[in-house]
Amino acid sequence: MIANYHTHTPRCKHAVGPERAYVERALSEGFQELGFSDHSPYFFDVPGYYSTFRMGPEQLPDYVQTLLALREEYRYRIRLRIGLETEYYPRLFPRLLDYLRQFPLDYLILGQHALFNETEGIYSTHPTDDEKLLDQYRGQTLEALESGLFSCFAHPDLFRFTGDPKAYCRHVRTICRRARELGIPLEFNLLGFQEQKHYPDPEFWRIAGEEGCRVILGCDAHSPEDTWNPALIARAEALLSGFGIRPIETLSLRPIR
Ligand SMILES: [Zn+2]
Ligand SMILES: [Zn+2]
């Protein structure tokens, strides 16, 4: 592993450690490229609603400035990329994009933490056996990928479906096939793997292997110490190799301008 594109900062309110510590850690692991993709701001249209796991819109300028300065400082040692992890909330996305386009962002990764949007849907990690919701996850994430604005699909197996396994396979296969056609890599999430969450889901990755998807490992680092460990990476590679998947090492970034 020589690059990681999934790195947070304390602005999202559930990550710790200064940006510099993440950069130093990446250097000590021999990484050549480090992408920050903290939880993006969003503009909600429900009065009084405040999302608790992302930076506020007013924090984005400082995020970008801090990373630009570090990029300059470390330019001979590591390539730093400035991105965001964002959900695709159809009704709210255009306004967000207008705002994001004012900043020199190198990329977006899709992390679909809620269906519809946070104020009117359910969280993707909430267990459900309702196939209609799985279908919504499929439709919503594919619409996002088809926009051409996302460089990678982070933890694509975040949706926690407890219903009919055949239905799960069917929908996952559609997601994987379309991602492959669009040339968008799927992220195997090392944080979920380390913490033994419900993702990465082996069934998902089996299908991704059958569909010939491009796959990249992502640390999803919420602290400089997180998930950058060679033993974990080796275990992830072994699991994926069982499904015929050899992860790619770097992303081709799609700027949003
Ligand atoms: Zn997070
Ligand atoms: Zn993340």
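What you see is a predicted model; the values in this text were computed from it and never measured. Numbering of ligands and ligand atoms starts at 1, following listing order.
The side-chain contact (heavy atoms from CB on, under 4.5 Å) test with Arg54 is passed by exactly one of Glu85, Glu87, Arg11: Glu87.
In this model, a donor atom of one side chain and an acceptor atom of the other lie less than 3.5 Å apart for Thr119 and Asn117. Using modelled atom types and a 3.5 Å distance limit, the side chains of Glu118 and Tyr49 yield a donor-acceptor pair.
For the pair Leu182 and Phe153, the minimum side-chain heavy-atom distance is 4.5 Å or more.
Protein N/O/S atoms found under 2.8 Å from the Zn ion (ligand 2): His6 NE2, His8 NE2, Glu85 OE1, Asp220 OD1.
A distance below 6.0 Å separates the ring centres of Tyr89 and Tyr42. Centroid-to-centroid, the aromatic rings of His155 and His113 come within less than 6.0 Å.
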